[in-house]
Amino acid sequence: MSKPHWRHAHAGDLEAICTIAARIHPDLAERPEIFAEKMRLYPRGCRVLATGGEIAGYALAHPWMRHQVPPLDYFLGRLPDGADCLYIHDVAVLPDHRGGAARAYVTEIGELARSSGIATLALVSVYGTRVLWERLGFHAVAPDAALRDKLSSYGASATYMLRELGK
Ligand SMILES: CC(C)(COP(=O)(O)OP(=O)(O)OC[C@H]1O[C@@H](n2cnc3c(N)ncnc32)[C@H](O)[C@@H]1OP(=O)(O)O)[C@@H](O)C(=O)NCCC(=O)NCCS
């Protein structure tokens, strides 16, 4: 089996992405069209973890505004003008292929952000992954009332986190 590596996702990966999403996020379901829209709007941020001929994970990110969170299963419509962060919508890796995958994706997406003139990464931590994201340089941000409301669709442990990218 070849070493897993992130590659750009293409339309033909959608079925594999949905299969992994259904397995990893049974309680946070999103329609295939929601994934497809992100891949169309911002292909550079959408990657799959390729291992041999198989796909063992996916990760989706797109430009967004800090302190704003798209609700789950929500069409973005368009990317905002003047985006000030790259928002990591989801990273999901099958259990047998974990270990270094999130770190590798965050490194790649950080380079993409910098080269696009964006200085911040953002995400919503779920399933108690806050410590994992802290290891990758993110810090939790206290949500205001509007953000708290938006976070509610992500479950009780949802935590909004930011990482400022160094120069
Ligand atoms: C989250 C996920 C993608 C991480 O993948 P991974 O390949 O295990 O991640 P990494 O090994 O790159 O982990 C990044 C860092 O966090 C650490 N880490 C991993 N799991 C951890 C845990 N449960 N608690 C604390 N730290 C953890 C790793 O050791 C690593 O630090 P290091 O590089 O300094 O050793 C994977 O666990 C997953 O798919 N989980 C289910 C879906 C999910 O929770 N997605 C995130 C939604 S916000």
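The shown structure was predicted, so the numbers you read here are calculated from the model rather than taken from an experiment. Just follow the structure's listing: the first ligand is 1, and inside any ligand the first atom is 1.
One option in Pro4, Gly100, Ser157 has a heavy atom closer to atom 11 (O) of ligand 1 than any other, and that option is Gly100. Across the listed options Val93, Thr159, Val91, Val124, Val91 owns the non-hydrogen atom lying nearest to atom 46 (C) of ligand 1.
Put simply, the side chain of Pro63 does not reach to within 4.5 Å of the side chain of Tyr87, judged on heavy atoms. In this structure, the side chains of Pro95 and Arg98 come closer than 4.5 Å at one or more pairs of heavy atoms. Between Ile109 and Ile88, the closest side-chain pair of non-hydrogen atoms falls below 4.5 Å. For the pair Thr51/His5, no side-chain contact is recorded, criterion being any heavy-atom separation below 4.5 Å from C-beta on.
Considering backbone and side-chain atoms together, Gly99 places an N or O closer than 3.5 Å to an N or O of ligand 1. Checked by distance only, ligand 1 and Ala101 come closer than 3.5 Å through their nitrogen or oxygen atoms. When only interatomic distances are considered, the shortest N/O to N/O separation between Arg103 and ligand 1 falls below 3.5 Å. Considering backbone and side-chain atoms alike, Ala102 places an N or O below 3.5 Å from some N or O of ligand 1.
Protein heavy atoms are absent from the 4.0 Å sphere centred on atom 23 (N) of ligand 1. For atom 2 (C) of ligand 1, no protein heavy-atom neighbour is present inside the 4.0 Å cut-off.
Aromatic pair His25/Tyr154: centroids not less than 6.0 angstrom apart.
Within the listing of ligand 1, atoms 44 (O), 48 (S) sit less than 4.0 angstrom from a heavy atom of Thr129. Residue contact check: Val131 has heavy atoms under 4.0 Å from atoms 25 (C) of ligand 1. Set against the non-hydrogen atoms of Ile24, the atoms of ligand 1 under 4.0 Å away are 41 (C), 42 (C). Atoms of ligand 1 found under 4.0 Å from any heavy atom of Ala92, numbered from 1 in the order shown, are 39 (O). Annotation for ligand 1: atoms under 4.0 Å from non-hydrogen atoms of Val126 are 47 (C), 48 (S).
Surrounding CZ of Arg31 are more than 12 heavy atoms belonging to other residues, nucleotides or ligands, all under 6.0 Å away.
The closest side-chain donor-acceptor pair between His89 and Glu30 falls under 3.5 angstrom. For Glu164 and His139, the side-chain atoms include at least one donor-acceptor pair closer than 3.5 Å.
Protein heavy atom in closest approach to atom 19 (C) of ligand 1: Leu132 CD1, 3.5 Å. Scanning all protein heavy atoms for the shortest distance to atom 44 (O) of ligand 1 gives Tyr127 CD1, 3.1 Å. For atom 37 (O) of ligand 1, the closest non-hydrogen atom of the protein is Arg98 CD, 3.3 Å.
Contact annotation: for Arg135 versus ligand 1, heavy atoms closer than 4.0 Å belong to the side chain alone.
Using a 4.0 angstrom heavy-atom cutoff, Trp133 counts as in contact with ligand 1. Residue contacts with ligand 1 do not include Val106, since none of its heavy atoms lies under 4.0 Å from the ligand.
Residues forming a ring pair (Phe, Tyr, Trp, His ring centres under 6.0 Å) with Tyr42 (at least two apart in sequence, or on another chain): none. Partners of Ala113 under the side-chain contact (heavy atoms from CB on, under 4.5 Å) rule, at least two apart in sequence or in another chain, are Leu86, Ile118, Leu121, Leu165.
When the options Val91, Leu49, Asp90 are evaluated for a side-chain contact (heavy atoms from CB on, under 4.5 Å) with Tyr58, the one that passes is Asp90.
For the pair Asp13 and Arg7, the salt-bridge criterion is met [side-chain N within less than 4.0 Å of a carboxylate O].
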